[in-house]
Amino acid sequence: MEIHGDHAGYNDPAIATAIGSIDGKSYMFIGHQKGRNTKENIAHNFAMPTPHGYRKALRMMKYADHHQFPIITFVDTPGAFADLKSEELGQGEAIVKNLRTMFGLKVPIITAVTGEGGSGGALAIAYSNKLFMLENSVVYVASPEACAAILWKSSQAAPKAAEKLKITAQEHYRLGIADGVIPEPLGRAHADPTWTSQQIKLVITKAMEVNSSKITDIESKLQSLKKKILEAKGPFEFDPFSKEAIQKLVKEADQEITKALISTGLADKVQFVNMELSKVSLNQPLNSSIKEKLDKIMQEIKSKMSQPGAYLGLKQKLQKLDTIGESSDIELVEKAVEVKKELEEVLKSANLEIVEVMEREGLKDQIKELESEITQGSNSEDVEKMEKRIKECILVALDVT
């Protein structure tokens with residue numbers, strides 16, 4: 001079923017998108033559409049997309065990612081349409097946005113180059129997990145004619161440019177850019193399109209089987225590691241180390257405090273003291289006048305808060321925040337580091353890497369400082385604060401929520 005339009009007022013005929021199935025499994029299909037004769041070539045702008053075409057492809061990619069449809073793309077374009085109108089509409093931005101989005105898609109993407117793949121216009125739908133090329137297809141950063149005109153000032157040097165560019169399927173496979181070369185029948189693909197399409201289907205289904213099993217294996221290992229981290233946190237009414245949960249709780253407490261200050265008539269006093277404090281340098285000690293005002297405001301707040309049944313919502317939220325601070329445990333840090341090592345092994349098994357958490361967050365220095373404080377017998381409050389800071393750094397770095 002073909003899907004049209006970019007939801008921005010235009011349907012670019014140079015790119016076709018559709019939902020379909022192969023052997024009962026649903027896929028999102030996205031591809032350049034050139035046409036089979038001169039009339040169709042003109043109607044489809046010789047498969048040179050405008051920004052509308054790339055935005056249509058982007059919309060379909062997001063749709064596929066949301067519904068967990070693997071994406072199959074077919075590339076056959078000399079490049080993006082380089083007219084004035086396309087540039088005004090943001091041709092470069094549309095291509096870059098596609099590339100950035102394809103980086104983060106969770107579903108597998110498989111690309112088949114069926115003709116030519118010209119520069120960023122092809123790459124905008126070809127940044128995939130697996131890239132396959134028909135036997136006689138080509139991919140280039142600039143056409144041999146354009147390259148010859150730039151370097152040798154003559155299009156007659158096109159054969160020489162083609163040799164230097166290494167644009168053929170065989171060269172790309174040898175260099176590790178393409179993952180495979182799809183055979184074509186005698187007389188090339190157009191001589192027997194049915195046979196060629198069957199060969200493309202076989203390659204795609206085989207790649208999907210391998211890719212799906214690998215993804216399933218990695219996901220199961222990551223889920224297991226995530227479970228270990230959550231268990232290490234211990235039982236809580238809510239997840240106190242979730243960045244979102246803490247931010248939400250702090251925001252709600254802040255709103256409750258604002259309401260309490262207004263209801264007690266202290267809002268203006270607090271605002272006045274804040275203005276006075278903003279004039280004081282960080283290294284400058286507070287003068288006695290400001291200190292007295294602060295002490296007086298704090299006494300009034302404590303007096304109001306101590307009344308039975310007053311500001312129950314605020315008291316509960318502040319109590320939860322205190323519980324988070326008191327729940328610090330250095331064993332959790334050690335557990336998180338241990339799990340992080342297991343996570344690195346899982347990702348390395350899939351030829352992936354993660355940035356060293358210890359180096360990125362400066363945790364080595366923080367842990368050494370903590371050990372030093374414990375050895376020197378520092379007070380428990382300082383030690384607990386340091387433990388909490390280290391623990392939060394590790395969990396944020398591991399991005400476990």
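Computed from heavy atoms alone, side chains included, the values below leave out hydrogens, waters and symmetry copies.
Side-chain atoms of Arg59 and Ile3, non-hydrogen and from C-beta on, do get closer than 4.5 Å to each other. Here the side chains of Phe81 and Phe46 are not in contact, with every heavy-atom distance at 4.5 Å or above. Taking the side chain as every heavy atom from C-beta outward, Gln198 and Leu202 never approach each other to under 4.5 Å. Two residues are said to be in side-chain contact when any heavy atoms from C-beta on lie closer than 4.5 Å; Tyr127 and Ile109 fail this criterion. Within the 4.5 Å cutoff, side-chain heavy atoms of Asp23 are placed close to those of Lys201. When side chains are defined from C-beta on, Asn11 does not count as touching His52, because their heavy atoms never get closer than 4.5 Å. Between Met28 and Ile19, some side-chain heavy-atom pair lies under the 4.5 Å cut-off. You'll find the side chain of Ile125 stays beyond 4.5 Å of the side chain of Thr111, heavy atoms only.
Under the 30°/60° scheme for interplanar angles, the aromatic rings of Phe74 and Phe29 are found to lie parallel.
In this structure, Arg188 places its CZ atom where only 12 or fewer heavy-atom neighbours from other residues, nucleotides or ligands lie under 6.0 Å away. Counting heavy-atom neighbours within 6.0 Å of Glu163 CD, excluding the residue itself, gives a total of 12 or less. By the neighbour-count criterion of 12 heavy atoms within 6.0 Å, atom OH of Tyr173 is sparsely surrounded, having that number or fewer from other residues, nucleotides or ligands.
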field: Evaluation steps, salt bridge (Lys or Arg N to Asp or Glu O under 4.0 Å), between Glu93 and Arg100
entry: CA-CA 10 Å; Glu93 183 269 346; Arg100 184 181 66 185; over 6 Å; no
task: Please lay out, stage by stage, how Val113 and Ile182 fare under the test side chain to side chain contact (heavy atoms under 4.5 Å, CB included).
output: CA-CA 9 Å; Val113 182; Ile182 304 172; over 6 Å; no
message: For a side chain to side chain contact (heavy atoms under 4.5 Å, CB included) check, start with the C-alpha distance between Phe132 and Ile110, then their side-chain angles and the critical distance, and finish with the verdict.
response: CA-CA 8 Å; Phe132 299 98; Ile110 296 175; 4.0 Å; yes
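The OH atom of Tyr27 lies 6.0 Å from the CD1 atom of Ile72; values are rounded to the nearest 0.5 Å. In this structure, CZ on Arg55 lies 11.5 Å from CD1 on Ile15, to the nearest 0.5 angstrom. The NZ atom of Lys25 sits 13.0 Å away from the CD1 atom of Ile204 when rounded to the nearest 0.5 Å. Considering CD1 of Ile200 and OG1 of Thr114, their distance stands at 6.5 Å, rounded to 0.5 Å. One distance of note links OG1 of Thr17 with CE of Met1; it measures 9.5 Å at 0.5 Å rounding. With values rounded to the nearest 0.5 angstrom, Gln170 atom CD is found 8.0 Å from Met133 atom CE.
Of the possible donor and acceptor atoms, one in the side chain of Asn41 sits under 3.5 Å from a partner among the backbone N and O of Lys34. Judged by distance alone, the side chain of Ser128 and the main-chain N or O of Lys130 form a donor-acceptor pair under 3.5 Å. Side chain of Asn98 to backbone of Tyr54: a donor-acceptor contact under 3.5 angstrom is found. The closest donor-acceptor contact from the side chain of Gln199 to the backbone of Pro183 lies at 3.5 Å or more, if one exists at all. Checked by atom type and distance alone, the side chain of Lys56 pairs as donor or acceptor with a backbone atom of Asp12 at under 3.5 Å. Between the side chain of Gln91 and the backbone N or O of Leu84, no donor-acceptor pair lies under 3.5 Å.
Using a 3.5 Å distance cut-off with no hydrogens or angles, the side chains of Ser86 and Thr50 do not pair a donor with an acceptor.
Remark: of the listed residues Asp76, Thr77, Ile167, Asp76 is the sole one forming a side-chain contact (heavy atoms from CB on, under 4.5 Å) with Glu116.
Using a cutoff of 4.0 Å between basic side-chain nitrogens and carboxylate oxygens, Glu171 and Arg174 are scored as salt-bridged.
A pairwise comparison of heavy atoms in Gly187 and His190 identifies O-CE1, 3.5 Å as the closest pair. Closest approach of Ala158 to Pro144, counting heavy atoms only: O-CB, 3.6 Å. Pairing each heavy atom of Glu40 with each of Gly35, the nearest pair is OE1-CA, 3.4 Å. Between Ala148 and Ser155, the shortest heavy-atom distance links the atoms CB-CA, 4.2 Å. Between Tyr10 and Pro13, the shortest heavy-atom distance links the atoms OH-CD, 3.9 Å. What you find for Ile71 and Ile30 is that their closest heavy atoms are CG2-CD1, 4.1 Å.
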